[in-house]
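One-based numbering, in listed order, for ligands and for the atoms of each. Every value quoted in this text rests on a predicted model; they were computed, and no experiment measured them.
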Amino acid sequence: MNKKHNFSAGPCILPQDVFEKSAQAILDFNGIGLSLLEISHRSKDFVAVMDEARAIVKRLMNLNDDYEVLYLGGGASLQFVMVPFNLMKSENGKAAYLDTGVWAAGAIKEAKKFGSVDVVGSSKEDNYSYVPKDYTVGSEYDYFHCTSNNTIYGTQMKSFPKVDTLMVCDMSSDIFSRELDFSQFDLIYAGAQKNMGPAGVTLVVVKKEILGKSGRDIPSILDYSQHIAKESMYNTPPVFPVYASLLTLQHLENNGGIAAAEARNQAKAKLLYEEIDRNPLFETFCKKEDRSLMNVSFRLLDESKKEAFDNAWKAAGISGLNGHRSIGGYRASLYNALPLESVQVLVDVMKNF
Ligand SMILES: *Cc1c(COP(=O)(O)O)cnc(C)c1O
């Protein structure tokens, strides 16, 4: 097999052994003579998968039993709706949002359907080239929502504010990429397909005590409490993405956990940013201090060289380097499973170019 250097922003590269083990599980799961895809989600083999998939998240994040872990359908986009539905008070509901990109703006748009939303900081006027830091969030808000990593622009929150309300974070594109005090958050969500698994499932980590207080009549399928009561099997869960996510998290745990992943991610990002800074042909889109370890968005200063550069990286076996359609340029996504060696290949192409 001729494996490419996959810099795709998502769905993204996963560890090779995750591809192999999940392919095997489709043929014969755990040696039971049946495929993972044809057994009941209530069978003991799958219940064990779900139990471990929930448990491993708490181990990796170092969270206690105040928190529950759910694997839900609908993508991170559904969480743009479930968060306000579950957390914004039905009477005079009010939430604070940080507007750091297209995804943050998507979350804001949905929240406005449930109550009033104050955008406490926004870098929209500057093409989302930085993360606003000069704001406060008081107790008049039901919660504060932020996006830890802005997948399109390549910016990342390096620290999180102390707020006087619940703290909600969309970690879709940097979950499990760096050490954080996860207990500072009351609710974390992440679409799996950026750094922890295939598309089709969304991780939700929620502090139990914050639920059931909105005064809203929440449809069961959108109610975190219902999913918790059913141990993340309120309805048929997306069994394959849950299993592949578990394999990815086991791979992470067996390779030094989040701390070791962060060290590898730092090394990859350093290698690439140093080349962008050194090479007069390229520049990043965003402020240096807010540069993401996960998504390195950059562009050619001279657009007329685009075709030649595209040919050069494609010839080197690189895939998925085009920037998001909204900003163009290039984006090298350095998710956990991308080896340093792939970054070196890209850097060599840039040097030679
Ligand atoms: C990709 C992405 C989303 C959207 O995820 P879906 O699972 O496609 O709904 C939301 N937030 C961030 C930060 C993302 O990168």
Side-chain angles (χ1 to χ4, degrees), residues 6-14 70-85 95 97-111 113 119 121-124 127-132 143-158 160 167-178 180 182 185 187-205 221-222 237-238 240-242 244-245 248 265 285-286 290-297 320 322-327 331-338:
N6 186 5
F7 289 88
S8 170
C12 74
I13 185 170
L14 295 173
L70 300 171
Y71 286 85
L72 306 178
S77 299
L78 183 61
Q79 297 309 308
F80 297 171
V81 175
M82 283 180 74
V83 165
F85 222 146
Y97 276 71
L98 191 62
D99 177 23
T100 51
V102 161
W103 297 119
I108 290 167
K109 178 176 171 222
E110 298 308 312
K113 296 170 185 169
V119 176
S122 174
S123 49
K124 187 174 181 188
N127 297 318
Y128 294 123
S129 58
Y130 67 97
V131 177
Y143 63 89
F144 167 67
H145 179 283
C146 59
T147 309
S148 56
N149 186 71
N150 300 287
T151 327
I152 296 173
Y153 317 89
T155 63
Q156 188 172 34
M157 295 177 77
K158 302 294 166 179
F160 293 86
M167 180 89 170
V168 177
C169 190
D170 175 358
M171 292 195 189
S172 291
S173 54
D174 67 353
I175 189 103
F176 300 119
S177 69
R178 56 174 169 165
L180 288 176
F182 291 99
F185 303 99
L187 193 151
I188 296 165
Y189 64 90
Q193 72 275 16
K194 305 274 171 52
N195 204 29
M196 67 170 277
V201 72
T202 305
L203 176 70
V204 174
V205 180
I221 189 77
L222 300 180
F240 181 76
V242 170
S245 296
T248 308
N265 292 332
F285 285 92
C286 68
D290 297 326
R291 283 175 170 179
S292 169
L293 291 185
M294 289 278 95
N295 308 100
V296 179
S297 290
N322 285 321
H324 190 268
R325 58 190 180 280
S326 61
I327 63 169
R331 173 172 51 173
S333 296
L334 314 180
Y335 295 125
N336 283 358
L338 185 85

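Pocket lining of ligand 1, defined as residues with a non-hydrogen atom under 4.0 Å away: G75, A76, S77, F80, W103, T147, N149, T151, D170, S172, S173, Q193, K194.
A search for ring-ring contact (aromatic ring centres under 6.0 Å, His included) contacts involving Y128 returns Y153, not counting sequence neighbours. Under the ring-ring contact (aromatic ring centres under 6.0 Å, His included) criterion, F285 pairs with no residue at all, not counting sequence neighbours. K113 pairs by the salt bridge (charged side-chain N to carboxylate O under 4.0 Å, His left out) definition with E110, not counting sequence neighbours.
In this structure, F185 has its ring center at least 6.0 angstrom away from the ring center of F144.
Side-chain atoms of N127 and S129 form no donor-acceptor pair, as typed in the model, at a separation below 3.5 Å. Neither side chain, D290 nor T155, offers a donor N or O lying under 3.5 Å from an acceptor on the other.
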